Protein chains: 2
Amino acid sequence: MEISHAVEDYLKIIYELQGAGGKVNTTALAERLNVAPASVTGMIKKLAEDRPRLVNYERHHGVTLTTAGEKIALEVIRHHRLIELYLHEALGYSWDQVDAEAEKLEHVISEEFEDRIAAALGQPKIDPHGDPIPTKEGVIAAPTGERLTDLAAGQRGRVARVSDDDPALLRYLAELGIKPETAIAVVDRSPFDGPMHVRVGNRSPQALGRQVTDHVFVEVR
Amino acid sequence: MEISHAVEDYLKIIYELQGAGGKVNTTALAERLNVAPASVTGMIKKLAEDRPRLVNYERHHGVTLTTAGEKIALEVIRHHRLIELYLHEALGYSWDQVDAEAEKLEHVISEEFEDRIAAALGQPKIDPHGDPIPTKEGVIAAPTGERLTDLAAGQRGRVARVSDDDPALLRYLAELGIKPETAIAVVDRSPFDGPMHVRVGNRSPQALGRQVTDHVFVEVR
DNA sequence: GCCGAGATTTAGGTTAACCTAAATAATTTC
DNA sequence: GAAATTATTTAGGTTAACCTAAATCTCGGC
Ligand SMILES: [Mn+2]
Ligand SMILES: [Mn+2]
Ligand SMILES: [Mn+2]
Ligand SMILES: [Mn+2]
């Protein structure tokens with residue numbers, strides 16, 4: 001196969017959904033890709049028949065990436081995250097705008113472009129949302145931090161990363177001052193899953209709902 | 001229609017081949033697009049049936065762009081030339097590398113991206129090869145300069161632009177110091193279409209063949 | 001151990017953008 | 001002005017990536 005844009009997106013999303021290493025099911029993939037489940041089945045069959053095989057697939061039991069598939073996924077993710085950072089740092093994009101643009105550019109840039117923006121950025125290790133950027137060799141650091149939701153009152157640390165997929169949430173986080181490297185502390189938690197009170201930097205404490213705390217990851221000090 | 005990448009390329013190439021305003025024939029389009037003539041006929045029929053119509057077409061008599069088609073062509077050309085200049089100025093690409101990369105990026109960048117690189121470059125008027133960059137409103141300056149081939153001994157001026165499609169030629173021109181703005185003078189011309197002797201800047205005169213002089217355009221002083 | 005909800009696959013299309021080969025129209029040459 | 005050459009179109013495919021609707025499978029709960 002010739003690794004179309006569609007294939008690149010399938011492999012990238014499978015990588016993201018695989019996370020620790022579980023199998024990825026058709027429905028989850030279809031949802032993330034905005035495609036009908038039947039289309040996913042069709043594409044997966046092709047990816048599994050390819051030589052070299054890009055995914056391991058057993059009917060009705062989900063897919064995982066092969067080494068070859070993971071290599072491509074990490075290339076695409078490197079493109080995506082380098083582009084996001086470049087748009088933010090060099091062109092002044094706000095961090096909620098970078099994902100949409102990177103989603104398109106990731107598939108068309110050359111190795112030359114990748115190398116030049118990586119150099120311009122000083123071979124960066126994380127993107128604007130705190131996600132690790134794979135190296136050119138396909139090595140990626142483990143994602144860091146614990147979900148803010150899971151911290152107890154009194155715990156403190158620095159924001160490691162935030163989910164990058166919801167622009168509205170990102171704008172809200174920017175307003176709150178929550179971004180990678182910011183100091184953050186849990187002041188207290190209301191019982192019964194109520195809001196969490198959090199101090200960001202040296203601002204006065206804020207009440208944050210679960211929708212927010214689920215998407216912020218903290219490197220506990 | 002939804003203006004696919006393919007359509008953008010068709011319109012762009014029709015614009016370029018139309019030049020002064022003549023009709024563009026199937027074969028020429030097919031050659032420039034690296035596509036079979038039959039495919040061009042098929043696509044052109046769709047462009048002519050579109051509402052708003054993007055081309056004027058009469059069987060066996062070639063195509064021209066409509067106003068709507070030209071507007072899209074100029075948008076794509078603006079993207080292309082801004083990207084070329086950005087790659088050259090901001091990322092250090094050599095001028096023979098920019099066309100290939102711009103060819104892919106031109107179809108996927110957003111208006112946001114266009115606006116930001118245009119601003120970063122100071123709303124430039126020409127690309128690295130001296131070609132005019134259309135404005136956001138779709139206004140383009142007439143291409144300037146006369147073919148170096150057509151100058152007589154003794155004529156002098158500044159390089160206005162060079163053809164941007166042959167990377168090897170561009171590397172050779174760079175070696176000779178021929179690029180937009182450079183002072184250039186015709187020392188003499190050998191008869192029978194022989195080489196032309198040209199002084200570039202204050203270098204010693206060089207003999208240039210027709211292959212070269214056909215692709216250099218000079219603003220005669 | 002069966003049942004059914006939900007997940008997944010199969011079957012049968014569609015669309016865009018190509019292709020080759022054959023037919024036809026236009027242009028050039030004698 | 002007919003014949004030859006060249007350009008263009010038509011006819012009939014192909015391929016990638018989707019879709020909807022109709023099977024079919026799996027697995028948790030009883
Ligand atoms: Mn993508
Ligand atoms: Mn990101
Ligand atoms: Mn193009
Ligand atoms: Mn150019």
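Throughout, protein chains are lettered first and strands after them, A, B, ... in sequence-line order, and every chain is numbered starting at 1. Values in this document were obtained by computation on a predicted structure and should not be read as measured data.
By the 4.5 Å heavy-atom criterion applied to side chains, Arg81(A) and Ile140(A) are counted as neighbours.
One can place CG of Leu17(B) at 16 Å from C1' of dA7(D), the figure rounded to the nearest angstrom. Counting to the nearest Å, the P atom of dT9(C) and the NZ atom of Lys45(A) are 8 Å from each other. With rounding to whole Å, Arg59(B) atom CZ is found 8 Å from dA25(C) atom P. To the nearest angstrom, P of dC27(D) lies 10 Å from NZ of Lys23(A).
Thr41(B) comes within contact range of at least one nucleobase, with a heavy-atom separation under 4.0 Å.
For Thr26(B), a side-chain nitrogen or oxygen approaches OP1 or OP2 of dT9(D) to under 4.0 Å.
Distance check: Leu82(A) CG to Leu105(A) CG gives 12.0 Å after rounding to the nearest 0.5 Å.
The pair Glu219(B)-Arg161(B) fails the salt-bridge criterion, with no side-chain N (NZ, NE, NH1 or NH2) lying under 4.0 Å from an Asp/Glu carboxylate O. Salt bridge absent: Glu75(A) and Lys136(A) never bring a charged side-chain N and a carboxylate O closer than 4.0 Å. A salt bridge does not link Arg78(B) to Glu106(B): none of the charged nitrogens lies less than 4.0 Å from a carboxylate oxygen.
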Each nucleotide of nucleotides 13-24 of chain D classed B (base within 4.0 Å of a protein heavy atom), S (only sugar-phosphate) or -, in 5' to 3' order, makes ---SSSBBB---
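Comparing dA7(C), dT9(C), dT9(D) by their closest approach to the side chain of Asn25(A) singles out dA7(C).
Note on residues 62-95 of chain A: pairs passing ring-ring contact (aromatic ring centres under 6.0 Å, His included), not counting sequence neighbours, are Trp95(A)-His129(A).
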